[in-house]
A.B. asks: 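The structure is given below, and queries will be raised subsequently.
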Amino acid sequence: MTVSFPNHEARRDGPAVAGEAVDISTTDAVPTLGEFARGVFVGVAGDVKVDFAGGGTGIVMKAVAIGEHAWVVTKIYKTGTTATNLVFLY
């Protein structure tokens with residue numbers, strides 16, 4: 001699957017480069033600036049339950065550290081997510 005991000009250089013050699021960021025509310029969050037978020041920032045460590053753009057629904061990423069994660073996701077779930085201060089990166 002090819003995912004396109006207009007106005008961003010294509011790269012796979014490092015963390016997501018955010019051109020935009022959207023704070024994720026306390027409800028099940030879906031990207032709001034486009035079809036996919038190209039990364040997720042975690043402010044307080046914990047588990048994060050996501051749907052990945054390339055497939056995989058309701059995947060729980062365990063003990064996620066604080067920082068940027070280059071996950072191309074379509075959804076983050078409230079139920080099953082213990083990490084907080086989450087931000088979609090575009």
Side-chain angles (χ1 to χ4, degrees):
M1 164 186 255
T2 301
V3 179
S4 172
F5 298 100
N7 304 319
H8 294 284
E9 177 185 346
R11 57 186 289 212
R12 292 180 181 257
D13 61 341
V17 176
E20 300 274 348
V22 174
D23 188 19
I24 299 171
S25 69
T26 59
T27 61
D28 287 346
V30 296
T32 56
L33 293 179
E35 190 175 351
F36 305 105
R38 64 183 300 177
V40 176
F41 174 81
V42 175
V44 177
D47 298 346
V48 182
K49 183 177 179 181
V50 300
D51 289 352
F52 284 99
T57 302
I59 306 299
V60 178
M61 307 298 286
K62 301 295 282 182
V64 177
I66 294 169
E68 292 182 25
H69 302 277
W71 303 335
V72 181
V73 299
T74 58
K75 181 176 184 177
I76 292 182
Y77 293 83
K78 176 182 177 184
T79 303
T81 296
T82 60
T84 60
N85 296 346
L86 303 173
V87 177
F88 280 134
L89 304 176
Y90 294 90

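Heavy-atom basis, side chains included; hydrogens, waters and symmetry copies ignored.
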A.B. asks: Which residues pass the salt bridge (Lys or Arg N to Asp or Glu O under 4.0 Å) test with Asp47, not counting sequence neighbours?
C.D. replies: Lys62
A.B. asks: I'd like to know whether Trp71 forms a side-chain contact (heavy atoms from CB on, under 4.5 Å) with Val64, so could you lay out the CA-CA distance, the side-chain angles of the two residues, the decisive distance to 0.1 Å, and finally the verdict.
C.D. replies: CA-CA 12 Å; Trp71 303 335; Val64 177; 3.7 Å; yes
A.B. asks: Kindly list each side-chain donor-acceptor pair under 3.5 angstrom involving residues 50-57, sequence neighbours excluded, with atom names and distances?
C.D. replies:
unit_1 : atom_1 : unit_2 : atom_2 : d
Asp51  : OD1    : Gly58  : N      : 2.8
Asp51  : OD1    : Tyr77  : OH     : 2.7
Asp51  : OD2    : Tyr77  : OH     : 3.0

A.B. asks: Quick one: salt bridge (Lys or Arg N to Asp or Glu O under 4.0 Å) pairs with a partner in residues 52-61, sequence neighbours left out?
C.D. replies: none
A.B. asks: Quick one: pull up NZ in Lys75 and NZ in Lys49 and give me the separation to the nearest 0.5 Å.
C.D. replies: 8.5 Å
A.B. asks: How many angstroms lie between atom CZ of Phe41 and atom CG of Leu86, to the nearest 0.5 angstrom?
C.D. replies: 9.5 Å
A.B. asks: Do you know the tightest heavy-atom contact between Ala65 and Ala45?
C.D. replies: CA-CB, 4.2 Å
